[in-house]
Every structure is written in C-alpha cells, then in structure tokens.
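Down below is the structure, laid out as structure tokens.
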Amino acid sequence: MRKPLYLALMGALSLSACKKSAPVEPPAAQAKAAKESQAAQALTTLSGPPELLLFGGAEAFNGAMAALNTLVNEVTPAPPFSGFAGAQLQNEYSFKSVKGFDLNKSVKFAIFNRKVYRKNPLVLCIGVADKEVVKAAIPKTGQAADVEGNALSYLKSERSKRPIYLNFIDEHVCITRDVAIYPKNQEFIAKLLKTPIPHQGMVFFELENLLAAYGAEFEGGLKQVEQMMQMGIAASQVSNAAQTGALFTQLLQRVRVGARSLKRAQVALKLGADGARVDLKLTPKADGAADAVFKALASTGDHRLLDRLPTDTPLFASLKIDAAKADQLLADWTTLSLAPVFGDKPVDPKYAQAISAYIKALGGEMLMGMRPEGKSLGMVALFEVKDASAARAAQTTLMSMYTDPALQAYYTQMKMSVAHQAAAYQVAGVDVDVVKTEVTGLPPEAQAMIGLMGEMMTQNIALGEKLGVISYGAEGKAQIEGYLKGTIKGGLKATPGATHALKYAADAAFGVFYINPIDLARRLELGGMNPIAPALKGVESTHGLTLSAGVSGGDLQIVIDVPTTLLKQGKAAFDKAKGSF
C-alpha cells in the first residue's frame, strides 16, 4: 500500500518516457511502411453522414486470415480461418453456395445509427468473382428486383419476414437488411470500397457521431457508475467520504468532457513474422480538453536510462514528458488526487507548486524496474536530475506534508503510520531519506498480503547531481549505493526483449511498459514459495509483452505488441509448468 504523498508524486512522475529512436529498416520494409501510412491517411479523410458510427475491413481478407493462421500455427496447429468465413457467410444469408464470392478481395463494412435504420444498421460488402453466380446462389423465396433503390431482395426462408437486400458496386456485393440504408449512403459506400485499407485490417469509430447518437445513454451510464461509487463510499464510513465522493464526481466529469472532445478512434491489426500488434489512435477535436492533454504529453528524447538497469530485469516502465509542457497538467492532477486526503481543508497550493518544481528539476525522464529478489519484489526508480538544488528544495516541501495534521488524521483513520527520516544516511556525499510505512488493524487475509509486500513499504530516496534513485525494501541502501557509485551493471536496453519493445513502440512514445511473464513467473516468490520455478528452469524467455503510448501528429497512439518469440516461449513454458498447477 502506498502513501498518498507518493501516490501523487509517483503518479506525476509516471507521466514522464522516452521517445524511441527510429530503427533502421531495409528499403522494402520502408516502402511498405510508407504505403501503409499513406493508405491510413487516406482513410482518415474519409467521411460519411452524421448517421455513420463506424467502418472498416480488410483489403485482402484471405491474406489477413492467412497471416493470422501463420501466427497461431507458431504456437499450435489450426485449420484455415478463411474456411470458417465462407461457411458463416453461407449460413447467415442462406446462399446456396459461395462459389461466386472472392474472399481474396477486400471485405468492408459500415455500421450506422440504429435509431435511424431500425431494421439493421449494418452494410457488409464482399468481393465477388462472378456476379451471375452470386445471383444464382440467392434463394428463390421472395425474390424481387429494383426494390426502393436496391438491386435485389429476397427472404432467407418461407418463415422470414425481413428481406435481405443486395447491391453490386464494381467487384463487390453489398448486403443490407434495412431497405433505406444502401440507397441513402451509396456515395459513402462507393468511396469506402475504393479506399485501400492497410495492414491486416482497420476499424474507424466516429466518436463525434456516436456521442451525438447515444449521448443520453452515455450520460446515463456515467450516472449509474457515479451512484454505485457514491453508495460504496458511503458504506465504507470513512471520515473523508464527502471529499472522496467529490473526487469521483470530478473524475467522471473529466471523462465526460474528455470523451466529448474526441473526434475519432481507429484500431489497426498488424500481423507479421515477428508478432502481432494492436494499434489504437485517438484523434482529438481542435483546442478541446483531449487536445490539450495530448499536447502536454508530447514527448522528445530517447530511452537513455533504460541502459542503467541490469539485463535480467523482467519488468520495466520507461517514461518521459516535456516538463515545461506538462507543468499545468501535473499541478492540476496533484491537487485533485490530494483533495480526499486533506478532507475539508483546502490543499495547500505549495504542494502542487512543489510537484511542478520537482518535475522540472528532474527533467521529465524516469524509469522504474522490478526484479524479484529472494522472498520479495525488488523495485527501483531512476530519474534524470537536471537541477539537483531545485529538486532537493521541492522534495523538502513535499516531505513536510507528513507533519500536516490533516494528513496525520488520514493515516490514523486508514490504520497506517508513516515515519520519515530526513538524511538517514549518506552515499557518495548524497543525503538519503528513508520513509517507512506500517499498516495495522487489517483483517488477517489483508494483513498477510501486506506481509508479502513488506519490502515495498520501505523507501530509500536519493537525489544525486545527475541521477535520482528511489529504492524499495531492506536492500534499498545497497541499491542506492550501486546506482550512485555506478557499480550495478546495466545493459537492459541492448537485450532482445527491450530492443523489440522499443522498435515497435508507439511513435514518439512518452510511455513504454514491458513485462516478461515467463522470467517473472520463474523468479517471483511469494512467502518464500514458487512451485513452478523448477519446471521453468531452462525455458527460454528472451521477449515480453509491451504496452506503449505516444503522441504523434496530434493523435494519441497506444500500441500492444505480442512478439512471435513470446508466443513460442510461452507455449513451451506452459507445456513444462502445467503439471505444477
């Protein structure tokens, strides 16, 4: 359990990661990336009527399925996924056969407002090899031609009451269930079919249109969440319930404002020989709340601190912000997060000012790494120090919060005690503060969990001239000495896992989170026990899962990367460890 002060401090610092340096790609890969970028840009300019909620598809459907098959087959044999598509198409629309269709061509779709097209808001367009063969495969039941602007219609069976409508555009057939949806949106559908879709597929969400269509439902959902949270806070009977409830109300208000300031979201599926990536981009409205936050998070720099961590670090979070841009954002969130702690007393502005000064003095770059050590979790935070004197002055102000009566009352109610010892010892001429937290009066189960995390309840904090270190646990002093004196050997940045993570991270990433689950599972001990460690001995674990975020071209990009190597190694680890569960 963390103290509120350090929740605020570390939360502010955690807005701080590093811009990835551009990897050197062969010319063919560069050309492919450029083509995909141009295609994605063309899609972003594609606009439809206000009733359009989302659209997307795959340019070569069978190709996308083949890429997915290849990836899955790296782990376990799987039948061709493209075969399922044909069978599903035949079953859903009662075609006599699917021989006239061509799934090597694109499959695209659009979904409109159900409140406008109540029968069914979907338009599904599928490539065809022979229009006449497709027409011959249509059931005879209820067949009709030229139906209110639709080329053909039919019923799935004698019992059906809702027709299916077919329209042909170039080498595609578009299938709808609402009689009006195709005639009214033919122009947009034609543009969609002519616009190439890059990667293995993309989906675009028209957030403006979604909120315009379902704004009432969105507001109703937020109100339900707020009511549930307020009921839970009231039931907890904490003394600062009113302030905590007000905090949740403010957070939900920010969600409301933030959502309404977004224009579009796009999700791309990227499959390759080296792994699978899900790429999400959020486009803000100009000069809105989201636009301001994205601009504040825009990052520069590289992951210089990453090379300070040892090569056997299975989990890290590399973070960087431009402190000058994010100054107001950090101060705002710090004040908001501290409000429940101080109850009825207003948060002293000096704390938000100190956070701002602290971040500016540190330079905005921070790295957190976790390495299992014996029976505990060994965690360390490293951060660049730009102005040591200013950072130390800001830290002194922040540490004075521990003597504030409001904070002391909060700790008492939470059954916590916090002891801060300034300049507890020195390393290489640098004063090191020690903060110890104890939690008492909890149920036995909760107390046992606190016991397992006991090493995390002691923090050693040092601000050197160029490097700051926060180390956790009884071995914290040794970690401080190792980093400040340079005796801890680094090199993590050059490892295969970190190299892959940085290569496929979001553009201009301000945050990169990485976890090697096999290595962590093999080395993590809880209460001195790890039943699967013997089974995992010798299993390769060179790669991990990466989540990254960055701001590029005004958009917020979030990327989830799963390397093929991790899938293979994960399968091997599971096969060896499954008998240990």
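Computed from a predicted model, the values in this text were never measured in an experiment.
A donor-acceptor contact shorter than 3.5 Å is absent between the side chain of D561 and the backbone of T546. No donor-acceptor pair under 3.5 Å is formed between the side chain of S82 and the backbone N or O of M65. Side chain of E51 to backbone of N113: no donor-acceptor contact under 3.5 angstrom is found. In this structure, the side chain of N91 does not engage the main chain of A87 through any donor-acceptor pair within 3.5 Å. Within the 3.5 Å criterion, the main-chain N or O of I197 finds a donor-acceptor partner in the side chain of E59. With hydrogens and angles ignored, the 3.5 Å screen pairs no side-chain donor or acceptor of K295 with any backbone N or O of K325. Here the side chain of Y182 pairs no donor or acceptor atom with the backbone of N150 at under 3.5 angstrom. Using a distance-only test at 3.5 Å, with no hydrogens or angles considered, no donor-acceptor pair links the side chain of K281 to the main chain of S552.
Every salt bridge (Lys or Arg N to Asp or Glu O under 4.0 Å) that K115 has, sequence neighbours left out, goes to E217. Checked against side-chain contact (heavy atoms from CB on, under 4.5 Å), V293 has the following partners two or more places apart in sequence or in another chain: L297, L329.
Taking every heavy atom of both residues into account, A64 and A58 meet most closely at CB-CB, 4.4 Å. In plain terms, the two heavy atoms of D287 and D291 that are nearest each other are N-OD2, 3.0 Å. Closest heavy-atom contact between L89 and F95: O-CD1, 3.9 Å. Contact record, V255 with F218: O-CZ, 4.5 Å, taken as the closest heavy-atom pair. In terms of heavy-atom proximity, V123 sits nearest to C125 at CG1-SG, 3.9 Å. Heavy atoms only, all atoms of each residue included: V512 and A505 are closest at CG2-CB, 4.1 Å.
Within the structure, the salt bridge (charged side-chain N to carboxylate O under 4.0 Å, His left out) test picks out the following pairs touching residues 246-262 (sequence neighbours left out): E219-R256, E219-R260, R254-D332.
For the residue pair H172 and S106, a side-chain donor N or O sits within less than 3.5 Å of a side-chain acceptor on the partner. Residues E148 and S153 have side chains that never bring a donor and an acceptor to within less than 3.5 angstrom of each other. For the 3.5 Å distance criterion, the side chains of D178 and N120 fail to qualify, holding no donor opposite an acceptor. Looking at T397 and S400, their side chains never bring a donor and an acceptor atom within 3.5 Å of each other.
For K184, the NZ atom is loosely surrounded, since the number of other residues' heavy atoms within 6.0 Å does not exceed 12.
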request  = Would you please test F112 and F188 for side chain to side chain contact (heavy atoms under 4.5 Å, CB included) and show each step?
outcome  = CA-CA 12 Å; F112 295 81; F188 168 77; 4.3 Å; yes
key: Worked verdict on I470 versus F383 for side chain to side chain contact (heavy atoms under 4.5 Å, CB included)   = CA-CA 9 Å; I470 300 177; F383 38 94; 3.6 Å; yes
key: Worked check of side chain to side chain contact (heavy atoms under 4.5 Å, CB included) between V559 and L547   = CA-CA 6 Å; V559 178; L547 172 66; over 6 Å; no
ask   = Please walk me through it: do L193 and C174 pass side chain to side chain contact (heavy atoms under 4.5 Å, CB included)?
value = CA-CA 10 Å; L193 289 174; C174 295; 4.2 Å; yes
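At least one side-chain heavy atom of Y214 sits less than 4.5 Å from a side-chain heavy atom of L53. Residues D555 and P284 are in side-chain contact: their nearest non-hydrogen atoms beyond the backbone lie under 4.5 Å apart.
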